[in-house]
*Asks:* 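Have a look at this one before I ask anything.
Chain letters run A, B, ... following the sequence lines, proteins first and then strands; every chain starts at 1. Since this is a predicted model, take the numbers as computed values, not measurements.
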2 protein chains.
Amino acid sequence: MKNSIKVERAKKNMTQQELAELIQVSRQTINSIEAGKYVPSTVLALKIAKIFGQPVELIFELEEGD
Amino acid sequence: MKNSIKVERAKKNMTQQELAELIQVSRQTINSIEAGKYVPSTVLALKIAKIFGQPVELIFELEEGD
DNA sequence: ACTTAATGTAAAGTATAATTTACATTTGGT
DNA sequence: ACCAAATGTAAATTATACTTTACATTAAGT
């Protein structure tokens with residue numbers, strides 16, 4: 001699964017720290033998700049999508065093998 | 001977080017078993033998600049939404065406390 | 001009433017998401 | 001070059017998603 005969190009963050013000029021605080025997780029959680037180290041829960045995906053004003057499927061995309 | 005998987009399944013006349021096979025998880029995983037026992041990963045949410053032809057936000061909804 | 005498919009539930013185990021702490025590296029401004 | 005903010009990375013721990021097995025309950029058909 002890939003995601004465009006980094007891009008959306010850049011659009012809004014938002015740091016990992018700020019995003020982390022907005023959705024109430026640690027900064028490392030955001031960093032790890034961006035780095036593709038793990039797949040977030042649906043709650044996180046919904047919160048992130050909401051903040052960026054985009055549908056979940058536009059920020060998170062399935063890949064081969066998912 | 002609540003979801004409308006049961007309803008969408010009913011619309012399509014699909015069993016938990018069938019849905020489970022389509023997204024490659026156990027039947028109990030579907031059952032537990034429907035029962036609200038836990039929040040699925042974003043990969044599962046995307047797969048489920050895809051099968052029902054609905055956006056993720058329409059099937060999975062945040063609640064107070066999420 | 002009987003049978004069968006579908007669903008609900010539960011316990012134990014495994015895999016993985018998320019946290020915390022800590023430090024290294026990069027980037028941008030002055 | 002220096003400083004500070006932001007990002008990358010990593011190990012250890014905790015929380016939770018998911019599996020497997022197994023059994024109980026419900027719903028529907030005959």
*Asks:* Which whole-number value in Å describes the distance from A:Gln28 CD to C:dT25 P?
*Replies:*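 Distance check: A:Gln28 CD to C:dT25 P gives 17 Å.
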*Asks:* Name the first nucleotide and the last nucleotide along DNA chain D (5' to 3') that come under 4.0 Å of a heavy atom in chain B.
*Replies:* D:dA17 to D:dA22
*Asks:* Can you list everything that forms a side chain to side chain donor-acceptor pair (under 3.5 Å) with B:Gln16? Sequence neighbours excluded, please.
*Replies:* B:Asn31, B:Glu34
*Asks:* Just to verify, which of B:Thr42, B:Leu44, B:Val43 counts as forming a side chain to side chain contact (heavy atoms under 4.5 Å, CB included) with B:Leu46?
*Replies:* B:Thr42
*Asks:* Is any side-chain heavy atom of A:Val25 closer than 4.5 Å to one of A:Ile33?
*Replies:*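 No - every pair of side-chain heavy atoms lies 4.5 Å or more apart.
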*Asks:* Could you state the atom-to-atom distance from CZ of A:Phe60 to C1' of C:dA17 in whole Å?
*Replies:*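 The answer, rounded to whole Å, is 13 Å.
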*Asks:* Can you tell me how far P of C:dA17 sits from CG of A:Leu44, to the nearest Å?
*Replies:*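 Interatomic distance, CG of A:Leu44 to P of C:dA17: 11 Å.
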*Asks:* Does any donor atom in the side chain of B:Ser32 or B:Thr29 lie under 3.5 Å from an acceptor atom in the other side chain?
*Replies:* no
*Asks:* Can you check whether A:Val56's main-chain N or O pairs, donor with acceptor, with B:Glu57's side chain at less than 3.5 Å?
*Replies:*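 Yes, the answer is positive, given that a donor and an acceptor are paired below the 3.5 Å cut-off.
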*Asks:* Are the side chain of B:Arg9 and the backbone N or O of B:Met14 linked by a donor-acceptor pair below 3.5 Å?
*Replies:* yes
*Asks:* Nearest to the side chain of B:Thr15, heavy atoms from C-beta on, is which of C:dT20, C:dT7, C:dA18?
*Replies:*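 Nearest to the side-chain atoms of B:Thr15, counting from C-beta on, is C:dT7.
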*Asks:* Assign each of B:Arg9 and A:Ser41 to its nearest nucleotide of DNA chain C by heavy atoms, then name whichever residue's nucleotide is nearer the 5' end.
*Replies:*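 Going by which nucleotide is closer to the 5' end, it is B:Arg9.
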*Asks:* Measure the distance from CD1 on B:Ile30 to C1' on C:dT7 and round it to the nearest whole Å.
*Replies:*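 Between C1' of C:dT7 and CD1 of B:Ile30: 13 Å.
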